[in-house]
Amino acid sequence: MQFDHYLDNARVAPNTGARIEVVDPSTGEPFATIARGDATDVQRAVSAAQRAMGNTLDGAWAKLSPVERSNLLFACAAAVSQYADELAQLEARDTGKALNTARTDAAVLARYLQYYAGCVDKLHGDTLPYPAGFTVLTVREPIGVTGHIIPWNYPMQIYGRSVGASLAAGNACVVKPAEDASLSILRLAEIAAEGGFPAGAINVVTGLGGEAGAALLSANRGIRHISFTGSTVTGALVGHAAAERHFPAVLELGGKSPQLLFDDADLDQALPVIVNAIVQNAGQTCSAGSRLLVQRTVYERVLDRLARQFALLRSGPPSMNLEMGPLVNAKQQARVRAMVERAQADGIRVAARGTIAAGASGAGYYQEAVLFRDVPPDSELAQEEVFGPVLAAMPFDDEDAAVALANGTQYGLVAGVWTRDGARALRLARKLQAGQVFINNYGAGGVELPFGGVKASGHGREKGFEALLGFTALKTIAIKHD
Ligand code: NDP
C-alpha cells in the first residue's frame, strides 16, 4: 500500500518522490509507505488552504454560511460513524492499539465533529456598553490557515478536537500527522472531501517531524495558528517558532499526572480505574495516571490488591483485544525499557509485572505493565513521563504531604483524588496544579470538557467551547453615530 499526501481534495505524490516505510508495531514488519513531505509539499498545502479562505474570506470554504459549515461537519461525523470499522482497522494496524480501543477512538472522533458542528451557529460576538453616541460590537472571525501537528498516540481523537474545532470556527487546516500514525488522518481528509468539504479546507502533509513538521513552522508560510500535541522538547520548538512568527500556539505536552488515594476511599471503585488510567493505550496517553500517591494507613493493602491486578494484565496484537497492544515503535520501546531498567538499577522495587501474550510476535514492540513501589519522589520514575504502562506508587502521611508530592513535578496536566470526605475533595481540587481535577473518577474525557495543562504540560485549551474561541480572532468594531 502506498499513501500520498492529501492536498486540495486530491492525493498528491511527494515532491521529491521520497517515501517512509510504515511498520506494524505488533510484528515489526513494514506494510505500507507514506509520502515524505518537504517544504515544497507543505507550501502547496498552505497555498491550497489560503485559496479556500480567500483574501477577504471570499474563498470557497470561507464564504460558506455558518449553517452550511455546520451541516458539512454533521455529515462528516455521520460518515466517520459509517466508516468507523475501516478507520479503526487502519489506526490499529498503524499504531498497534487494540482494535476495541481504536473503535472507541473513532466513536469519540465522531462525537467531536458532532459537538463542534453544533457549536458553529452559536458562535457569536457581543455588544459592549460604551458612552452615548457609540455602538460597539465584537465579531468572532476565523484566524485563517491553522496548522495541526498531531502525535501518534490518539491520532483520530486529536484530529477531532483540533481540526474539528478549527473548521467549526471557519479556518482552513494543514495537518501534519506523526510519521507513525498518518493513515487514519489521510483517510479522514478523503472522507471529508467525499462529504462535500471544498478543496483546500483540509490538507494533510505526511512526513518527518524535523522536515514536514519543521517546514510548517517556518517563516512566511502563511500559518496563522498552531495546535500541537507531543513532547515538551518539541513543544518548546513549536512555542519558539510561534513567538518569532507572532502566531498563537496551543501546546499540549503531556504530564506525570498523580492520583491521590486516601484511606477513606472506596477501593473497589478506585482500583480498577487506577489500573486502567495507566494501561490504557499501553500507557501512551498524555493524561495517564502515572503516579499513585497512597495514604500510608492503607498503602500495603492497596499495593497488595494492585499487584494482583497488574499480574493479570496482558499485552498482545490489536486483534486479540487484550488490555494492551504493543508500544508504537522501536524507539518508544527502547525508551520505556531503559527507564524501567534504570529504576531497577537504582534499587526501586517492582511490586508486580504483567505478561506478554503467548500469541504475540517476538519482533513486536511489546512492553509488559510494571508496578513500582516506594518510588522516591525525586527519582526519574517519579518526575519524568515514561509514556508506557509503568505505574510509580509512593506513600504519604497527610493531606499537605500529598499535595506537595502531587505538585512536585514540572508538569500539571490532570490529577485524581479518591476520598469520601467532600470538604477534602474540594480543598484539594483547588490546591492541585492541573488543568483538570477528577474527584472519585479519572479521565472523564468528554468532548465538552476543556482540557490542557499548566506548567510544562503546556498552555491553551482544547475541547469544549473554550477551544473553539481559541480558533477565532476577536474583532472590536466601534461605531460613532452621534
Ligand atoms: P514529538 O513531540 O517529537 O512528536 C509529536 C509530533 O511532533 C509528531 O507529529 C512529530 O512528527 C512532530 N514533530 C517532531 N519534531 C518536530 C519538529 N522539529 N517540528 C515540528 N513538528 C515536529 O514526540 P515523539 O514522538 O518523539 O515522542 C517522544 C515523547 O514525547 C514520548 O515518549 C512522550 O513522552 C511524549 N509525547 C507526548 C504526547 C502527548 O500526548 N502529550 C504524544 C506523543 C509523544 P513525527 O512523529 O513525524 O516526528
Side-chain angles (χ1 to χ4, degrees), residues 20-23 25 34-39 42 94-95 97 105 147-159 161-162 174-183 185 204-218 221 223 226-242 244-245 249-257 280-288 290 327-339 365 367 380-381 383-390 409-414 435 443 445 451-453 456-460 462:
I20 302 169
E21 277 190 340
V22 179
V23 174
I34 53 169
R36 180 169 169 174
D38 67 356
V42 170
D94 208 5
T95 65
K97 66 177 61 185
D105 289 354
H148 304 261
I149 299 179
I150 298 187
W152 39 260
N153 53 348
Y154 290 94
M156 284 195 277
Q157 287 205 32
I158 293 172
Y159 175 95
R161 76 191 193 202
S162 79
V174 176
V175 185
K176 204 316 256 167
E179 74 211 53
D180 288 313
S182 295
L183 306 190
I185 304 294
V204 180
V205 187
T206 59
L208 303 176
E211 294 177 1
L216 201 59
L217 305 172
S218 296
R221 295 241 186 268
I223 293 289
I226 279 277
S227 167
F228 171 83
T229 303
S231 64
T232 45
V233 175
T234 307
L237 288 177
V238 175
H240 199 93
E244 280 188 339
R245 325 270 186 263
V250 173
L251 304 178
E252 201 273 89
L253 309 180
K256 193 72 201 177
S257 298
Q280 180 186 325
N281 207 30
Q284 303 168 117
T285 303
C286 47
S287 55
S290 53
L327 301 182
V328 74
N329 58 31
K331 181 180 131 201
Q332 286 301 119
Q333 186 193 37
R335 176 192 149 97
V336 174
R337 276 188 181 167
M339 287 181 90
Y365 308 129
Q367 166 64 51
E380 179 184 58
L381 207 55
Q383 292 291 328
E384 300 301 330
E385 188 169 47
V386 177
F387 233 58
V390 179
T409 74
Q410 63 170 332
Y411 294 107
L413 190 57
V414 312
F451 174 72
S457 291
H459 53 77
E462 297 193 293

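Owing to the predicted nature of the structure, the values given are computational and were not obtained by experimental measurement. All residue numbers in this chain count up from 1 along the given sequence. When a ligand or atom number is given, it counts from 1 through the structure's own listing order.
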Check: Hey, looking at atom 11 (O) of ligand 1, which of Arg36, Lys176, His148 has the closest heavy atom?
Finding: Lys176
Checklist line | Pro25 side chain near Asn329 side chain, heavy-atom distance below 4.5 Å | finding: no
Checklist line | Minimal non-hydrogen separation, Val238 against Ile149, with atom names | finding: CG2-CD1, 4.5 Å
Item checked: Subset of ligand 1 atoms that lie under 4.0 Å from at least one heavy atom of Leu253 -> 41 (N)
Check: How about Cys286 and Leu413: do any of their side-chain heavy atoms sit closer than 4.5 Å?
Finding: yes
Item checked: Proximal atoms of ligand 1 relative to Asn153 (non-hydrogen, under 4.0 Å) -> 39 (C), 40 (O), 42 (C)
Margin query: Could you report the tightest heavy-atom contact between Ile20 and Arg36, atom names first, then the distance?
Written below: CG1-CB, 3.7 Å
Next item on the list: Answer yes if the side chains of Tyr411 and Ser257 hold a donor-acceptor pair under 3.5 Å, and no otherwise.
Entry: no
Notebook entry, point to check: Does the protein put a heavy atom less than 4.0 Å from atom 4 (O) of ligand 1?
Noted result: no
Note to self: Suppose we measure from atom 25 (O) of ligand 1 to each protein heavy atom; which comes out shortest, and what is that distance?
What the structure shows: Trp152 NE1, 2.7 Å
Next item on the list: For atom 12 (C) of ligand 1, find the nearest protein heavy atom and state the residue, atom name and distance (0.1 Å precision).
Entry: Ile149 CG2, 3.6 Å
Note to self: I'd like to know if the side chain of Thr229 reaches the main chain of Ile158, judged simply by a donor and an acceptor atom lying under 3.5 Å from each other, with no hydrogens or angles considered.
What the structure shows: no
Item checked: Which residue and heavy atom of the protein sit nearest atom 39 (C) of ligand 1, plus the separation -> Cys286 CB, 3.6 Å
Note to self: Keeping Gln284 on the side-chain end and Phe387 on the backbone end, is there a donor-acceptor pair under 3.5 Å?
What the structure shows: no
Margin query: If you define the side chain from C-beta out and look only at heavy atoms, does anything of Trp152 sit under 4.5 Å from Asp94?
Written below: no
Next item on the list: Run the numbers for me: atoms of ligand 1, each under 4.0 Å from some heavy atom of Pro151, listed by number.
Entry: 42 (C), 43 (C)
Next item on the list: Go through ligand 1 atom by atom and flag the ones less than 4.0 Å from a non-hydrogen atom of Gln332.
Entry: 27 (O), 28 (C), 31 (C), 32 (O)
Check: Side chain or backbone of Asp180 under 4.0 Å from ligand 1, or both, or neither, by non-hydrogen atoms?
Finding: neither
Next item on the list: Evaluate the side-chain proximity of Leu183 to Ile34: yes if any heavy-atom separation is below 4.5 Å, no if none is.
Entry: yes
Notebook entry, point to check: If you count the atoms of ligand 1 from 1 in the order shown, which ones are under 4.0 Å from a heavy atom of Gly207?
Noted result: 47 (O)
Next item on the list: Evaluate the side-chain proximity of Leu381 to Val390: yes if any heavy-atom separation is below 4.5 Å, no if none is.
Entry: yes
Next item on the list: Could you tell me which non-hydrogen atom of Ala288 sits nearest to which non-hydrogen atom of Gly283, and how far apart they are?
Entry: CB-O, 4.1 Å
Next item on the list: Provide, to 0.1 Å, the distance between atom 13 (N) of ligand 1 and the closest protein heavy atom, together with that atom's residue and name.
Entry: Gly209 CA, 3.5 Å
Next item on the list: Could you check atom 9 (O) of ligand 1 against the protein and tell me its nearest heavy-atom contact, residue, atom and distance included?
Entry: Ile150 O, 2.9 Å
Notebook entry, point to check: What part of Tyr154 sits under 4.0 Å from ligand 1 if we count only heavy atoms: the side chain, the backbone, both or neither?
Noted result: neither
Next item on the list: Measure the shortest side-chain to side-chain distance between Lys97 and Asp105 over non-hydrogen atoms and say whether it is less than 4.5 angstrom.
Entry: yes
Check: Can you list the atoms of ligand 1 that are under 4.0 Å from a heavy atom of Leu237?
Finding: 18 (N)
Item checked: Residue selection (non-hydrogen contact nearest atom 26 (O) of ligand 1) among Glu385, Lys331, Arg335 -> Lys331
Item checked: Heavy-atom nearest neighbour in the protein, as seen from atom 15 (N) of ligand 1, with distance rounded to 0.1 Å -> Thr234 CG2, 3.5 Å
Check: At a 4.0 Å threshold, what atoms of ligand 1 neighbour a non-hydrogen atom of Ala214?
Finding: 19 (N), 20 (C)
Next item on the list: Can you pull out the closest protein heavy atom to atom 20 (C) of ligand 1? Residue, atom name and distance to 0.1 Å, please.
Entry: Gly213 C, 3.3 Å
Next item on the list: Can you sort out which atoms of ligand 1 are near Glu179, meaning under 4.0 Å from one of its heavy atoms?
Entry: 45 (P), 46 (O), 47 (O), 48 (O)
Checklist line | Val238 N/O under 3.5 Å from ligand 1 N/O | finding: no
Check: Hey, does Phe387 come in under 3.5 Å of ligand 1, counting only N/O atoms on both sides?
Finding: no
Notebook entry, point to check: So which protein heavy atom does atom 29 (C) of ligand 1 come closest to, and at what separation?
Noted result: Ser231 CB, 4.0 Å
Check: So do Val23 and Tyr365 actually touch side chain to side chain, heavy atoms under 4.5 Å?
Finding: yes
Next item on the list: Check whether any side-chain heavy atom of Gln383 sits under 4.5 Å from a side-chain heavy atom of Lys256, and report yes or no.
Entry: no
